[in-house]
Each structure stands twice: as C-alpha cells, then as structure tokens.
Asker: 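One structure, pasted below without further comment.
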Amino acid sequence: MSGSDKSWTQNSLPLVPTIIGALLFFSLLSRAIPQQADPAGKIEWIDVHVHLIGGRGANADYERTVKAAVKAMDEAGIKKSVVMPPPQVSGMPALHDYDSFISAIRKYPGRFAFLGGGGTLNPMIQDAAGEIHLEDPVRRRFEATADEIIRAGAVGFGEMTAHHLSHTAGHPYESVPADHPLFLVLADRAARYDVVIDFHLDLVTEDMDLPSRFSSPPNPSILRANRASFERFLAHNRKAKVVWAHAGSDFLGHWTVSLSRQLLRKHPNLYMSLRIGGGVPRNLVFDSGGQIKPAWMDLFRDFPDRFVIGGDQFFASPLLRGSGPGLLFAQRGSFIRKRMLDFLSRLPADLARKIGRDNAHQLYKLKE
Ligand SMILES: [Zn+2]
C-alpha cells in the first residue's frame, strides 16, 4: 500500500505538458477510436458491494479512504460504487454504520450510493439469534432504526447476514435462521420502501463438517443446513428484493450453478451479486484457462436481469496500520478489479452492459 500512498499527493497536471497538447492528444484519440467513450476502452461498470475501512473513533479517517476508492474506481472504469458497512456483531472494536462515512462520500456526487444496517440492524439480529418470539420493544427499535437508515438516503439494507464464516482472526462467525422474525420484519421494511437487502449467506444445503481450512472456534465444527430457512425468508414478502452476495466464490461447495438456477426460477425477488473468485472457493465462474464456464454463461443468458457485480472490494485509509481483516482484504483490491474487468470483457456486449451496469441502476434505483 505504500506505493499508492505516494500517489495521493501527486498532481496529475505535470503529465500533460500543455493544454493544447492535451486537446490534440484527446482529439486524435477520439478520432482513432470514435466508438469508445472511454479513452482506455474500458467497460464502465458499477460495483454494488464495496466496504470502506476508515478506522475507529476520533481517529477514523473516511476522507482518505473515499479518496482512495475514487482513484481506484477511475482507474478501473467503475462509474459508481454502492458502499456498506460489513455485517458486524455487538462488541466489535470498530463497530460502525453508514453515518461514519456518509459525509465523506457526499463529496463525490454521483459516484456513490450506500446501504445501512451492517453495524446496527445486523448486530441486533445476531443478538436476538436464539429468540423465537420477539419482544415488542425490540421489534420497534429495529423498525425505527431501519426507517432512519432509509430516511438518511440509503438505497437499501446491508450488509446483513444469516450465516457468515470467519476467515481470519477478528472476522466474526455469525449464524441466525434466515427466517428469524427480525429478518422477516426487515423484508417487510425493504418491500415498503422498495429497496434491496444485501444478504450474505454461506450456503449449507445439508449439515456438514467444517472444512479444514477454517478454524474452530470461532466457527463451529458442524455447519447446519440453512437452505430451507433462506427460501422461507425469500418467500415471506415477494416485494422485498434480496441481493445474495458473493455468487461465484462459494467456500463450502453447496452454492452450485444448478442450485442458483433452481432458486432464481422459484424466487422472482432473488438477485445475485457476483464476486469472481479464484483459487480456493468452489463453483467458480472461470475455468482454469480464465474463460467463463459454459454452465455459468447459460445461467447469465437465462437470467440476464438477475445478476450484478459485487466485487467485495475493501478500501482502507492509507493512514491505517495494523492487521485487521479489513486491511487484509483491502490488499486484494487491484486483483479483484482486474478479475471483474476480465469477467466483463468475456461476456457478450449486451450481457456485459446489463450485468456490469444497467441491472444495478435499476435494482438500486441509481441516478445517472
Ligand atoms: Zn459478505
């Protein structure tokens, strides 16, 4: 990260010797490739699943975090990002929600939209995980928080989770039935406001032993099936649009292309955001030669309106030091962006436009 820190302070003007030179350069360029709006020929896209890591308390620095995000977005042709707090639990040291970064993203009109609830609604649900009957005050507090998030300008709720594996130290294991009463309340709220729920669910179709690459604790040694509760959540309110995060990088092996097809057919309010993984995860979109697998391509063709790009990029303030999960994940940013661009470039133009941009516009009701 130190290499990119330096470029913060650099002014790009010295790269262009004169204004006339610049005009000449761009006019020649536009004549050479008139059909491409972007001089680099990149596809303009929207990432609907982005996290900002600004640090904690009085030292939090979201200004530089957002500046880093905009720089990377410009370089990778990302027109807009939907940013959201990760799905946190009570007692985490840097527990935060949208209010921590909202003023920083407002300095870049048109480049960001946000979701809220990952640091407020999600901890409330995790705290009530074992409660089947909801106390009225808990429900009311939950509803009031959800209302406040939408009033603040959020385009939905996120990142929420019913099952979240811990991948590294400080990264929580979370598990709640997806049809928990508070998730059903959330679905009704999302339907009322016509906004999305960004939903993380590490899918388990039948009980299984924890794969050996995960540590237990914090993960349990047996993972319990959660497909049926997820389907009940989806069916609860068809007007609640659920964007299931991290399609294409499944760590447990149960989220197959054929299961995606079944669920997309059965649940018209289900959408998927693609995180094009490589290496360890299963059910990858790319084959070993870096091409889109035919089964995935068929799925995209059959459900062209149901996929968006959710890179799961983490952007961190260059001032942050340490070894938390957010900083660890932030190191993968350029790799993620490259994979996403590779993915979009391998789709037929109409699908690239829909999955890369138009679906996100429609689903999140983004303004131009
Ligand atoms: Zn997630």
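The first residue of the sequence shown is numbered 1, and numbering continues consecutively from there. Every number for a ligand or one of its atoms is a count from 1 in the order of the listing.
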Asker: If a pair satisfies side chain to side chain donor-acceptor pair (under 3.5 Å) and one of its residues is in residues 332-342, list it, with sequence neighbours excluded.
Answerer: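 Checked against side chain to side chain donor-acceptor pair (under 3.5 Å) - neighbours excluded - the pairs reaching residues 332-342 are Q313-R337, K338-D342.
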Asker: Which residue pairs satisfy the side chain to side chain donor-acceptor pair (under 3.5 Å) criterion with at least one member in residues 143-154, sequence neighbours excluded?
Answerer: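 Sorted pair list: D147-R189, D147-Y193.
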Asker: Step by step, work out the salt bridge (charged side-chain N to carboxylate O under 4.0 Å, His left out) result for E63 and K67.
Answerer: CA-CA 6 Å; E63 304 287 324; K67 199 173 166 191; over 6 Å; no
Asker: Please give me the protein atoms (N, O or S only) lying under 2.8 Å from the Zn ion (ligand 1), ordered by chain and number.
Answerer: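 The answer is E159 OE2, H200 ND1, H246 NE2.
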Asker: Would you please indicate if the ring centroids of Y173 and F214 are separated by under 6.0 Å?
Answerer: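 Between F214 and Y173, which both carry aromatic rings, the centre distance is not below 6.0 Å.
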Asker: Which pair of heavy atoms, one from G118 and one from P85, lies closest together, and at what distance?
Answerer: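 Reported closest heavy-atom pair: N-CG, 3.6 Å.
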Asker: Please list every donor-acceptor pair under 3.5 Å in which a side-chain atom of residues 274-281 meets a protein atom from a residue at least two apart or in another chain.
Answerer:
{"unit_1": "R275", "atom_1": "NE", "unit_2": "S249", "atom_2": "OG", "d": "2.7"}
{"unit_1": "R275", "atom_1": "NH1", "unit_2": "D312", "atom_2": "OD2", "d": "2.6"}
{"unit_1": "R275", "atom_1": "NH2", "unit_2": "S249", "atom_2": "OG", "d": "3.2"}

